[in-house]
Amino acid sequence: MFKLRLMMLAGLLLLALPAPAQAKLKVVGTYPYIQDLVQQIAQDKVSVSSLATGDWDPHFVVAKPSLLSRLNRADLLIINGAQLEIGWLPPLLRQANNGRVQPGSAGFLDLSNVADKIQVPDNVSRAMGDVHPQGNPHFVLSPANVPKLADAIAQQLCQLDKPQCKSYQQNLKSFRSRWQQAQARWQQRMAPLKGAKVIEYHRLHDYFLAHYGLELVGTLEPLPGIPPTPGQIQTMVQQAKAANVRWNIRGVFQPMGPSEHLSRHSPARLLTLPHDVGAVPEAKDIFALYETLLKRLGV
Ligand SMILES: [Zn+2]
């Protein structure tokens, strides 16, 4: 009798629970900008997280066990690609042993396939230690690439989650229109900086500089990923003086020493710029990332 009552009680409790919602799609992006684009498009319809944080060196993310468990449970993995993750993701992906998100499966999206890329070499070789063997992977810093990335994400979400497709498409449309308006404002604000000369630590903001017509004079790294040598730093000091370079740009994760040296010995002003959502606290989403870039450039 007691047992029966207990069963009835359990039954009533079950009835009182809300109808089980269909489990949300679990999406993992390698970098925070990917997480943000997914959120812009899916809003609360999926659960999404980023493996890396925005202030880490994107080429060398430290693999913590928590990354592995998220990869293990994911339904969709979205990567930047163009070998930006080559130094840290492949072993994690092997260990995660999750067939849904392996390259080539339905739950895997490589954004480099839809982005316009610059600095793509004729022959691929890492013999020189170059960390950009498939072209420059920092393409999210071209505002023209962002809608293409958003399109690809919406399309992938639709394939994996057909019931919500209409909502994804509506959010994509709204995102694209807000992006277009923001881009028009940024274009105007950046116009006075056209032709301004810049030296970078790493080829990190090349897409942004190229899009707005700033002129890259050189980099402190002799090759992407090769630390600055005394000779290369001296060459950049001379070029900064000769060409009256305005800015000396470094990413938040790069060592300060070589950039400080350059600014101490030349007119180029040291400027630390975010490269991803979350690289600095005010770059809260993809719009704020671009806003922060413009503000730090003084426009
Ligand atoms: Zn790089």
Residues 223-239, side-chain donor-acceptor partners within the protein, below 3.5 Å, at least two apart:
residue, atom, partner, partner atom, Å
Thr229, OG1, Gln232, N, 3.1
Gln232, NE2, Thr219, O, 2.8
Thr235, OG1, Gly231, O, 2.9

Open item on the list: Can you confirm whether the side chains of Asn98 and Gln102 place a donor and an acceptor under 3.5 Å from each other?
Closed with: no
- [ ] Any side chain to side chain donor-acceptor pair (under 3.5 Å) involving residues 274-299? Give me the pairs, sequence neighbours left out, ordered by first then second residue.
- [x] Trp186-Glu291, Arg189-Glu291, Glu282-Arg296
Open item on the list: For Gln180, I'd like to know if atom CD has over 12 heavy atoms of other residues, nucleotides or ligands within 6.0 Å.
Closed with: no
TODO: Quick one: pull up CG in Leu214 and CG in Leu297 and give me the separation to the nearest 0.5 Å.
DONE: 7.0 Å
Open item on the list: Within this structure, what is the CG-CG distance for the pair Asn72 and Leu92, rounded to the nearest 0.5 Å?
Closed with: 11.5 Å
TODO: Say whether Gln119 and Asp206, considering side chains only, have a donor N or O and an acceptor N or O under 3.5 Å apart.
DONE: yes
- [ ] Could you grab the distance from atom CD of Glu200 to atom OG of Ser259, nearest 0.5 Å is fine?
- [x] 10.5 Å
Open item on the list: I'd like to know whether CZ of Arg269 has more than 12 heavy-atom contacts from other residues, nucleotides or ligands below 6.0 angstrom.
Closed with: no
Open item on the list: Less than 3.5 Å apart, any donor N or O on the side chain of Tyr33 or Asn80 sitting next to an acceptor on the other?
Closed with: yes
Task: Residue pairs, two or more places apart or on separate chains, that pass side chain to side chain donor-acceptor pair (under 3.5 Å) and touch residues 147-158 - done: Asp116-Lys148, Asp151-Arg176
Task: Gap between atom OG of Ser142 and atom CZ of Phe208 - 0.5 Å precision - done: 10.0 Å
TODO: Applying side chain to side chain donor-acceptor pair (under 3.5 Å) between His138 and each of His132, Lys117, Arg203, His205, report the one that passes.
DONE: His132
Task: Minimum side-chain heavy-atom gap Val48-Leu76 below 4.5 Å - done: no
